[in-house]
Amino acid sequence: MTKQILTLLAFTMAFAMPASAQRQLTVKAKPGTAIHSTMYGIFFEDINFGADGGLYAEMVQNRSFEFPDRLMGWNMFGNVQVSDVRPAFDRNPHYVVLGDSGHIEKRTGLENRGFFGMGLKKGLRYDFSVYARLHDAGSQPARIRVELVNAANNIITRQRITIDSRDWKKYTCSLTPNVTEQKGLMRIFLETKEGVDLDHVSLFPSDNWNGLRADLVKDLEDLHPGIFRFPGGCIVEGTDLETRYQWKNSVGQVENRPLNENRWNYTFAHRMYPNYFQTYGMGFYEFFILSEKIGAEPLPVVSCGLACQFQNHTEDAHVAVDDLQPYIDDALDLIEFANGGTDTKWGKLRADMGHPAPFNLKQIGVGNEQWGELYPVRLEKFIKAIRAKYPNILVCGTSGPSADGKDFDYGWQEMRRLKVDLVDEHYYKPPQWFFDNAGRYDNYDRKGPKVFAGEYAAHGRGDLNNWEAALSEAAFMTGLERNADIVWQATYAPLFAHVEGWQWKPDLIWFDNLTTARSANWYVQMLYGTNRGTNMVNLTENGQAVKGKDGLYASAVYDKDTKQYIIKLANNADRSQDVVITMKGLKTVGQVKTTTLKGSLSMENLVGRPESIHPVEGSLEGNGNTISVAVPSKGFMVLRF
């Protein structure tokens, strides 16, 4: 009863406000142009330990001993050597040999602290596996002991494994801690005089989803993304071409995927991580099945033959135009891997990996954020080949790393000439830029390519994921929605960051080894993703788009599946704003569900304090065909009815 009285009081007060203090918005209820299903999505790049040490749930660092320093990530004691004689895996040939310590009171073994420690949860099973063999022919069976140890160096749990063959075999055991530990480690002892060879030493939490960390997968799924761009980003280009991301190395048997350098391990001298590599344990197959899991359309990106242009300043760093065919073949083979029948080479590999049905790939990105004359001459060859063999696949080009300027204009000019389907725009700007540019796409040419806002984020003072940044993005996104006829898709970037291993911020989702924090920006993206609608609807104030006058921003859509209208309102003013919305073409509105985000501009969601900014749900009643609502200062609201 109290709730009903308060709702009625708020409703009455809204109508008691003088008309001069109210903002009068008009919505034409007739649904318009369809909104593309990929409108709001996510972009993954392996930065900030987003893959190894993050979304990829493997807990052992350098599990195959293939880092340039073969024992980086490992502490060893006793008689430990590295060998590559008769390896288990030809593309990851190194392994360790544990031999007798030579003294009854000495021990041989290894320990691994994972990525910034191993996070262990009480009662959760952890699955250990290793490829092993007896080191000497004809020897008796050998035994190893596997322990999980806490930060105080106390054993939490242990298991033993007997190695009984001279041939490489996979051995497994499970360990279940009885306490939770943030900074654990794994220790392996040789318990016999008989030596063993060990390779691909692995530890996964049992609640992983296809090798991926379950809580981070849930963070993605709850965004309800329409598009999933992967694997980057700058790692697509590589610091040099040798270290670019090569998708063919990321598929097939996980144990035999070759290691690649991660270009983010040394890019920023003030945030260096020399132990940051790519095992490709989470490769293109895993990206594709993750796309299915979270309900997003996949958008893989391939190299166009240009190494990172920020890091290379001479043309000889790139593939010559006449030598591009292997790169073009990679793009064509990727489409076959995603969509080809099981009677094709790459379609068969997909089936052998566990997915006989095609992934229904519809678009592909060629290049990341290239600029200048080097890019279009290469892209043109890809477009010709892709459209000749796969005419229904959309090609996404790029306008470069900037939101405007000479290179941006040239990029768009060339993308139109080449008739690409989408143009990938990137902008990392201060919050005020996002507030000021809600009308960015109002006057874009509707003929030619569509827009893909492939990387964007508000970077305020300190590059924090605070409410000021998130609110500015919410305001800006009303402009994306208002222009959904030309803007087909948009993805915030970057996606993940480990609290102890980041190189770049802000980021959408922060995590440590046990928990995650959904940023204020995450909640903005979630509210757009779950309230995308299916059709544009015209919303104006005095015949004009609502894009920042006196701090107010607004857009509207219709959802034909639920037969509901959705209105989004952002208020950057220092005061609450009373808004009256007239639904032209409707007789009655009825009950309106409200969802509100608000807070002080400096407020953040952090690991350990993840709910400082969170949605608050409520409801109000329309009056005939009008809605009266008070939009809080520095607030964002979604109305659904």
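For this chain, numbers begin at 1 and follow the sequence in order.
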Worksheet item: Does NZ or CZ of Arg229 fall inside the cone over Phe43's six-membered ring, less than 6.0 Å from its centre and within 45° of the axis?
Response: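 Because its charged atom sits under 6.0 Å from the ring centre and within 45° of the axis, Arg229 does stack over Phe43.
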Does the [X] side chain pair with the main chain of [Y], one donor and one acceptor, at a distance under 3.5 Å?
| X | Y | value |
| --- | --- | --- |
| Gln61 | Met59 | no |
| Asn62 | Gly73 | no |
| Glu286 | Gly283 | yes |
| Arg271 | Trp502 | yes |
| Asn48 | Gly501 | no |
| Asn339 | Asn360 | yes |

Answer with yes or no after comparing the ring centroid distance for [X] and [Y] against a 6.0 Å cut-off, counting only values under it.
| X | Y | value |
| --- | --- | --- |
| Phe511 | His498 | yes |
| Tyr245 | Phe230 | no |
| Trp264 | Tyr273 | no |
| Phe44 | Phe287 | yes |
| Tyr428 | Trp504 | yes |
| Phe49 | Phe496 | no |
| Phe288 | Tyr285 | no |

Discussion item. Can a side-chain donor-acceptor contact be found between Glu297 and Gln363 if the only test is distance below 3.5 angstrom?
Written reply: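 Yes, because at least one side-chain N or O of Gln363 sits under 3.5 Å from a partner of the opposite role on Glu297.
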Discussion item. Distance alone, cut at 3.5 Å: any donor-acceptor contact between the side chains of Lys634 and Asn572?
Written reply: yes
For [X], does the [atom1] atom have more than 12 heavy-atom neighbours from other residues, nucleotides or ligands under 6.0 Å away?
| X | atom1 | result |
| --- | --- | --- |
| Glu611 | CD | yes |
| Arg417 | CZ | yes |
| Lys381 | NZ | no |
| Arg446 | CZ | yes |

With a 4.5 Å heavy-atom cut-off, do [X] and [Y] have their side chains touching?
| X | Y | result |
| --- | --- | --- |
| Leu601 | Met603 | no |
| His318 | Leu374 | yes |
| Arg440 | Asn483 | no |
| Trp371 | Tyr410 | no |
| Arg244 | Val236 | no |

Discussion item. Whether Arg213 and Glu58 form a salt bridge (side-chain N of Lys/Arg under 4.0 Å from carboxylate O of Asp/Glu) is what I want to check.
Written reply: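 Looking at Arg213 together with Glu58, the answer is no, because their closest N to O distance does not fall below 4.0 Å.
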Fill in: Salt bridge present between Lys450 and Asp485 (N-O < 4.0 angstrom)
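No salt bridge links Lys450 with Asp485.
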